Amino acid sequence: MIFASQQSPSHDSEPMNQTTRIASTAPDQARLQALEAQVARDLELLNLPPRNWVPAIERDGVAVRDVVVIGAGMNGIAAAGALIFKGIGNIAMLDANPPGQEGPWCTTARMDTLRSPKTLPGPCFGIPSLTFRAWYEASFGTEAWEGLYKIFNRSWQDYLGWLQRVLALPLTHEARVTRISPAQGLLRLTVERPEGVQTLLARRVVMATGRAGAGGLDLPGFVDPMLFPDLAALAPLPIDFARLKGRSIGLIGGGASAFDNAAMALEQGAARADMYVRRSVLPQINKGRGSSGPAYYFGWEALPVEERWNLVAYMYDAQAPVPHETVKRALRQPDFHIHLGTPTHSARREGGQVVLRLGNDGAREVRHDFLIVGTGFVVNLDRVAELAEFAQHIARWQDRYTPPPELRRPDMAAFPFLGPGFELLPRDGSAPPELGLIHLMNYGAHASHGGIASDIPGVAVAGDRVATAVLRHLFLDEAGALRRELEAFDEPELEGTPFFVPRDDGEF
Ligand SMILES: Cc1cc2nc3c(=O)[nH]c(=O)nc-3n(C[C@H](O)[C@H](O)[C@H](O)COP(=O)(O)OP(=O)(O)OC[C@H]3O[C@@H](n4cnc5c(N)ncnc54)[C@H](O)[C@@H]3O)c2cc1C
């Protein structure tokens, strides 16, 4: 038997013409409807979803949600779907963005295609008709699938939107959670909507808030904040590239995002782009790909703390390489220049330009019309507005484990130390008990659970893990009520047979 490869296609199969950011043809609506009928049939065959089993509760006449999922990107979808498929259907899902703009894919992601192989199934809950491939083949045909090299950003976004719809997720867009507060054994969410501020009560919250959701974007201390917004931008935020036409762009950072922003600026008419990279050699091997698959997805969290930390440090040191497609895209531009082994010492404003001082001693000076800072994301829960009432009480890795000096990695030590179901854990006994009702299912989970809550390959594992943990917690909370319900359950199985004994005392 031949199994489909989970690996990326070889460089040789990379077509030179897949350079647009959108699939060019419209989806075939008739075939999509047929797929949706197949999804309904598959769910029927699997008896999904089961009935809701969690007893409904109210507080002061206000209905309480079993779970509120914050974020409707792929991780939010994976969590919400897994909850519903476990009979936890009294949930709400909130996303700050309008429909079709959840996550980075069609707004700030500037690559041509995803880096992941097209064969990844996506958050499909093990159901073939919910896979990316099923959706793509229905939308564009099997020939288009065969010809597809890697997934277009737009296709991935559309697929996720389709999942939201066919799973009938209870999603409210343009609903930004600004604060999560303890509320006597529950959580109160403050939600900003176009029509005003609302509150919502929940027994549990899943924060599927994305790459920036555990601390935001990194602005290195050597970059003068006064450069923003007219002379500088952070790479993961919206940038008006039309404004950069004919101008000279400096970029700090050597990751995929810096490359993509340089290429995008040049493709849109910038005069030149100079990328300043501290490293003298770019990372070569993608250890994330090397560790993708069931072993690390399910095993990482089971490792003893010191071994997990050793792995965290190993992955941190290896760093992820830039996809070769991204590098080639930038190199196709004659005005792209990369300066390896060139750390930026400072970036400041002078005479309407950006002045960069380069090298550790800042001896060399260059000028640009605009600066793009591509230094990525930070994990620091003190900076997460939604968690302001809990942050000081949340356990971080540095609270739970002191590594030997050679394995100290301060950036990673700031990651939260999460429980087996992505729950926040208390730093000490002074933490509000409601802290453990929050599940952090974003990049901040990396040190505790590996890559499953941040990248596409492990998304279904993370969704199921968080939903299973929520189920277990709710079951324990409701054990008394569920037992009473069980005792009251009295459908006589043997009625109609000679062995039927009618009950006379209210008990069997
Ligand atoms: C540019 C870029 C390219 C990437 N490419 C790949 C790739 O090719 N392959 C791969 O495996 N991974 C990739 N990743 C990593 C990862 O897969 C993505 O970051 C992905 O978007 C993570 O999904 P998510 O659901 O966790 O978060 P997101 O898709 O970011 O969704 C989070 C959602 O939460 C919402 N939200 C956040 N805060 C709030 C709030 N307070 N209230 C309400 N809503 C809120 C946001 O509006 C957003 O829609 C990439 C990441 C980036 C940034």
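Just so you know, ligand 1 is whichever comes first in the structure, and atom 1 is the first atom listed for that ligand. All of these numbers come straight from a predicted model, not from anything done at the bench.
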Please state whether the rings of F125 and F85 are parallel, tilted or perpendicular, taking 30° and 60° as the class boundaries.
perpendicular
Any atoms of ligand 1 less than 4.0 Å from a non-hydrogen atom of L114? List them with their elements.
8 (O)
Q157-E102 side chain donor-acceptor pair, cut-off 3.5 Å
yes
Note the single closest protein heavy atom to atom 8 (O) of ligand 1, along with its residue, its atom name and the distance in Å.
R115 N, 2.7 Å
Atom 47 (O) of ligand 1 sits nearest the protein heavy atom D95 OD1, 2.7 Å
Atom 27 (O) of ligand 1 has as its nearest protein heavy atom G210 CA, 3.1 Å
Would you say Q101 and ligand 1 have an N/O pair spaced under 3.5 Å apart?
no
Would you check whether S454 has a nitrogen or oxygen atom less than 3.5 angstrom from a nitrogen or oxygen atom of ligand 1?
yes
Could you tell me whether D455 and R289 make a salt bridge, using a distance below 4.0 angstrom between a side-chain N and a carboxylate O?
no
Mode of R110 contact toward ligand 1 - side chain, backbone, both, neither (heavy atoms, under 4.0 Å):
neither
How close does the nearest protein non-hydrogen atom get to atom 23 (O) of ligand 1, and which residue and atom is it?
M74 CG, 3.5 Å
Where on A175 is there a heavy atom closer than 4.0 Å to ligand 1, on the side chain, on the backbone, on both, or on neither?
backbone
Step by step, work out the salt bridge (charged side-chain N to carboxylate O under 4.0 Å, His left out) result for D317 and K287.
CA-CA 10 Å; D317 294 347; K287 297 285 181 182; over 6 Å; no
Ligand 1 to G73, heavy atom cutoff 4.0 Å, flagged ligand atoms 25 (O), 29 (O), 31 (O)
Classify the ring geometry of W300 against H446: parallel below 30°, tilted from 30° to 60°, perpendicular beyond 60°.
perpendicular
Taking a cutoff of less than 4.0 Å between a non-hydrogen atom of the residue and any ligand atom, is S257 in contact with ligand 1?
no
Of all protein heavy atoms, the one nearest atom 3 (C) of ligand 1 is M111 CE, 3.4 Å
Per-residue contact class, W105 against ligand 1 - non-hydrogen pairs under 4.0 Å:
side chain
For atom 24 (P) of ligand 1, find the nearest protein heavy atom and state the residue, atom name and distance (0.1 Å precision).
N75 ND2, 3.6 Å
Under 4.0 Å between a side-chain nitrogen and a carboxylate oxygen: does that hold for D260 and R329?
yes
Can you tell me if E423 and H473 form a side-chain donor-acceptor pair at under 3.5 Å?
yes
Which label fits Y159 and W135: parallel for a plane angle under 30°, tilted from 30 to 60°, or perpendicular past 60°?
tilted
Looking at T209, N261, V384, the heavy atom closest to atom 39 (C) of ligand 1 belongs to T209
Step-by-step side-chain contact (heavy atoms from CB on, under 4.5 Å) determination, V64 to L186:
CA-CA 9 Å; V64 178; L186 300 174; 3.9 Å; yes
Determine the interplanar angle of the Y276 and H339 rings, folded into 0 to 90°, and report it as parallel if under 30°, tilted if 30 to 60°, perpendicular if over 60°.
parallel
Proximal atoms of ligand 1 relative to E102 (non-hydrogen, under 4.0 Å):
49 (O)
To which protein heavy atom is atom 44 (N) of ligand 1 closest, and what is the distance rounded to 0.1 Å?
A96 N, 3.0 Å
Under a 4.0 angstrom heavy-atom cut-off, which atoms of ligand 1 come close to S116?
7 (C), 8 (O), 9 (N), 10 (C), 11 (O)
Would you mind listing which atoms of ligand 1 come within a distance below 4.0 Å of any non-hydrogen atom of G71?
33 (C), 34 (O), 35 (C)
If you apply the rule side chain to side chain donor-acceptor pair (under 3.5 Å), what do you find for E389 with S181, and how did you get there?
CA-CA 6 Å; E389 293 184 38; S181 314; 3.0 Å; yes
If the cut-off is 4.0 Å to any non-hydrogen atom of E386, which atoms of ligand 1 fall inside it?
38 (N), 40 (C), 41 (N)
Would you mind telling me if ligand 1 is within reach of the side chain of M441, the backbone, both or neither, using heavy atoms under 4.0 Å?
neither
Are F417 and W397 near enough that their ring centres are under 6.0 Å apart?
yes
Check for me whether R211 meets the cation-pi criterion with Y443, that is, NZ or CZ under 6.0 Å from the six-membered ring centre and within 45 degrees of the ring axis.
yes
Per-atom contacts, ligand 1 versus P104 - under 4.0 Å to a heavy atom:
21 (O), 29 (O), 30 (O)
Would you call R115 and E325 a salt bridge, using N to O less than 4.0 angstrom?
no
For K118, the option from W156, F152, W145 that meets side chain to side chain contact (heavy atoms under 4.5 Å, CB included):
W145
Would you check the N or O atoms of T108, main chain and side chain alike, for any that come under 3.5 Å of an N or O of ligand 1?
no
For salt bridge (charged side-chain N to carboxylate O under 4.0 Å, His left out), just list the numbers for E386 and R179, CA-CA rounded to whole Å, side-chain angles, deciding distance to a tenth of an Å, and then say yes or no.
CA-CA 4 Å; E386 299 93 309; R179 185 61 62 105; over 6 Å; no
What protein heavy atom sits nearest atom 12 (N) of ligand 1, and how far away is it?
D455 OD1, 3.6 Å
Would F377 count as a polar contact of ligand 1, with the cut-off being nitrogen or oxygen pairs under 3.5 Å?
no
Side chain or backbone of I456 under 4.0 Å from ligand 1, or both, or neither, by non-hydrogen atoms?
both
Ligand 1 versus A385, non-hydrogen atoms closer than 4.0 Å: side chain, backbone, both, neither?
neither
Please confirm whether P457 comes within less than 3.5 Å of ligand 1 when only nitrogen or oxygen atoms on both sides are compared.
no
With salt bridge (charged side-chain N to carboxylate O under 4.0 Å, His left out) as the criterion, how do D95 and R176 come out once you've worked through the C-alpha distance, each side chain's angles and the decisive distance to 0.1 Å?
CA-CA 6 Å; D95 199 289; R176 176 178 295 283; over 6 Å; no
Pull out every atom of ligand 1 sitting under 4.0 Å from any heavy atom of A208, numbered as shown with elements.
32 (C), 33 (C), 34 (O)
Looking only at distances, please establish whether an N/O atom of ligand 1 is found under 3.5 Å from an N/O atom of G103.
yes
